[in-house]
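Data block below; observations after.
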Number of protein chains: 2
Amino acid sequence: MGRPEQKEQTRRRLIDAALALSAAQGFGALSLREIARESGITATGFYRHFRDLDELGLVLVDEVALTLRQLIREARSRFREQGGRTRASVEAFMDYAHQKPHLFRLLLGERLGGSTAFRTALRKEIDRFVAELSDDLEAQARAAKQPTADIPFAAEAIVAIVFSVGAEVLELPRHRHQGLADRIIKEVHLVLKGAGFPLARARKR
Amino acid sequence: MGRPEQKEQTRRRLIDAALALSAAQGFGALSLREIARESGITATGFYRHFRDLDELGLVLVDEVALTLRQLIREARSRFREQGGRTRASVEAFMDYAHQKPHLFRLLLGERLGGSTAFRTALRKEIDRFVAELSDDLEAQARAAKQPTADIPFAAEAIVAIVFSVGAEVLELPRHRHQGLADRIIKEVHLVLKGAGFPLARARKR
DNA sequence: TCTCACAGTGTACAGTCGTGCACTCAAAAT
DNA sequence: ATTTTGAGTGCACGACTGTACACTGTGAGA
């Protein structure tokens, strides 16, 4: 393994350690030494990768943003391929949350809590998320000649629901995920119905 | 001023200082000394009031819970007295959030972020909040002979929306509050409509 | 009036923190 | 083969942390 790859690997360990540790008390409670220790390097070695903790923080936000964009791309493709589109999207969300719990913990926690820098950065990403959902819904509504006036509001409401209720996935054992997904889907359907989407009969599981 | 009142006053300063300071980086990032300093007493004096920081934390959660219960009582009474019930409740929420920004910052931040203890404590309170909203809606639906099956889901969705979108009130200048309230009301109405509530024509402002 | 209780002080100590500096030593460049 | 680079080390420093201990001064009860 070459030198750049070695460096990259250490860098990843730092990032992952920061994510894992921030789950306990929030990112704001982390210390540089703690992260370095967890990553198996000296405290001073930290500076070969980041200027300070804030810079690491920005990288974490980018990481969250990236995952969020992958998520919406995934949800969109599932969205087109099959019926039960809400279900497909919600399940995509839950898959991601379950795959990268640390990232989602950071996203959910720092969005409303953390420092100002964190909040504005994350808000930007979630606004993008809302905008894309809004576009998808609008395209669908136009195709079916339904009114589109309520759609931006519906999109924002849906994202609020999915993030807030969906946060539970992080503390639920796997076998209860399905029930949680059903609940979210039910709630999203209420919003869609309120916004004028005629829903196919909800399928029982 | 008697001695017990003196003590109580110092205790309040500690609590308020903890709230104010936790706004910056989250409660997990606070130090005992920092709080004591901000309150104008010595670090060791802290122990006359709380065993440690965790105990202070529990008190803060109680404080949040109390405010939340006052809020719902207020919302309920406004709810009964006038038309535009959603508006009345949402405005009650925003008043409280604006009145006690530190408490709401804590609520929003630690609900999904903070430590496990915080999360479970706050979840309990919010579940109560959802249950009471659900009761109110159900009573209303029953009186109007509407179906009630969707109501628990609608209540959960509404609370998710109000807390998530409503969080913005903490970073918005006062003159934009009205616009934010309108947005939340619009979104809540979507849910209510979806759950089968016939809405009076939304009033323009 | 005297005495106790106790909120708040001041000092001390061991541990952790962020960071500066001089270092090693292996991979890459010459 | 020799030199250069830079990831990671080790030590030192002053600042800050939580907490133990002995203290002071004042309000309240005897």
Side-chain angles (χ1 to χ4, degrees), chain A residues 1-61 63 106 110 114-118, chain B residues 1-63 106 110 113-118:
Chain A
M1 183 163 36
R3 243 211 320 193
E5 294 85 339
Q6 278 286 8
K7 177 171 187 184
E8 176 55 28
Q9 184 178 308
T10 303
R11 187 186 143 96
R12 267 247 65 87
R13 281 212 309 279
L14 285 168
I15 293 174
D16 291 339
L19 281 172
L21 291 173
S22 70
Q25 308 275 3
F27 180 79
L30 289 190
S31 83
L32 181 156
R33 286 182 115 106
E34 206 179 347
I35 297 171
R37 208 181 307 124
E38 179 80 8
S39 309
I41 67 170
T42 332
T44 46
F46 180 95
Y47 295 104
R48 298 287 171 189
H49 302 271
F50 306 100
R51 184 193 316 280
D52 53 19
L53 267 175
D54 288 346
E55 195 174 293
L56 211 200
L58 294 183
V59 172
L60 293 188
V61 171
E63 198 106 333
L106 184 79
E110 308 293 317
S115 70
T116 309
F118 257 111
Chain B
M1 183 164 35
R3 247 219 308 203
E5 293 86 340
Q6 278 286 8
K7 178 169 187 185
E8 176 55 27
Q9 183 178 308
T10 304
R11 186 186 143 96
R12 266 248 66 84
R13 281 213 309 279
L14 285 168
I15 293 175
D16 291 340
L19 280 172
L21 291 172
S22 71
Q25 308 276 0
F27 179 79
L30 289 190
S31 83
L32 181 156
R33 285 183 117 104
E34 206 179 348
I35 297 170
R37 207 180 309 123
E38 180 80 8
S39 309
I41 67 170
T42 331
T44 46
F46 180 95
Y47 295 105
R48 299 288 171 189
H49 301 271
F50 305 100
R51 184 193 316 281
D52 54 20
L53 267 174
D54 288 345
E55 195 175 293
L56 210 200
L58 295 183
V59 172
L60 293 187
V61 171
D62 283 350
E63 198 106 335
L106 183 79
E110 309 293 316
S115 71
T116 309
F118 258 111

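Below, chain A is the first sequence line, B the second, and so on; all start at residue 1. Any value given below was found using the heavy atoms of this structure, including those in side chains, with hydrogens, waters and symmetry copies removed.
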Classify every nucleotide of nucleotides 17-30 of chain C by which part a protein heavy atom approaches to under 4.0 Å, writing B for the base, S for the sugar-phosphate alone and - for neither, in 5'-to-3' order. BBBBB-----SS--
Evaluate salt bridge (charged side-chain N to carboxylate O under 4.0 Å, His left out) for B/Glu5 paired with B/Arg11, printing each intermediate quantity in order. CA-CA 10 Å; B/Glu5 293 86 340; B/Arg11 186 186 143 96; over 6 Å; no
Calculate, to the nearest 0.5 Å, the distance between atoms CZ and CG belonging to A/Phe27 and A/Asp54 respectively.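 Spacing of CZ (A/Phe27) from CG (A/Asp54) equals 7.0 Å.
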Working to the nearest 0.5 Å, report the span between NE2 of B/His49 and CD of B/Glu55.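 Atom-to-atom, B/His49:NE2 and B/Glu55:CD are 12.0 Å apart.
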To the nearest Å, give me how far apart [atom1] ([X]) and [atom2] ([N]) are.
{"X": "A/His49", "N": "D/dG6", "atom1": "NE2", "atom2": "C1'", "result": "10 Å"}
{"X": "B/Gln6", "N": "C/dT9", "atom1": "CD", "atom2": "P", "result": "12 Å"}
{"X": "A/Arg13", "N": "D/dA7", "atom1": "CZ", "atom2": "C1'", "result": "12 Å"}
{"X": "B/Ile35", "N": "C/dG8", "atom1": "CD1", "atom2": "C1'", "result": "17 Å"}
{"X": "A/Ile41", "N": "D/dG6", "atom1": "CD1", "atom2": "P", "result": "17 Å"}
{"X": "B/Glu55", "N": "D/dT19", "atom1": "CD", "atom2": "C1'", "result": "15 Å"}
{"X": "A/Leu21", "N": "C/dT16", "atom1": "CG", "atom2": "P", "result": "15 Å"}
{"X": "B/Phe46", "N": "D/dA20", "atom1": "CZ", "atom2": "P", "result": "13 Å"}

Looking at B/Asp16 and B/Leu19, would you say the former's side chain and the latter's main chain have a donor-acceptor pair under 3.5 Å?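 Such a contact is absent between B/Asp16 side chain and B/Leu19 backbone.
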Using only atom types and a distance under 3.5 Å, with no angle test, would you say the side chain of A/Arg13 pairs donor to acceptor with the backbone of A/Ser39?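 Yes; judged by distance alone, with no hydrogens or angles, the pair exists.
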One pair to check against side-chain contact (heavy atoms from CB on, under 4.5 Å): B/Tyr47 and B/Leu32. What are the steps and the verdict? CA-CA 10 Å; B/Tyr47 295 105; B/Leu32 181 156; 3.6 Å; yes
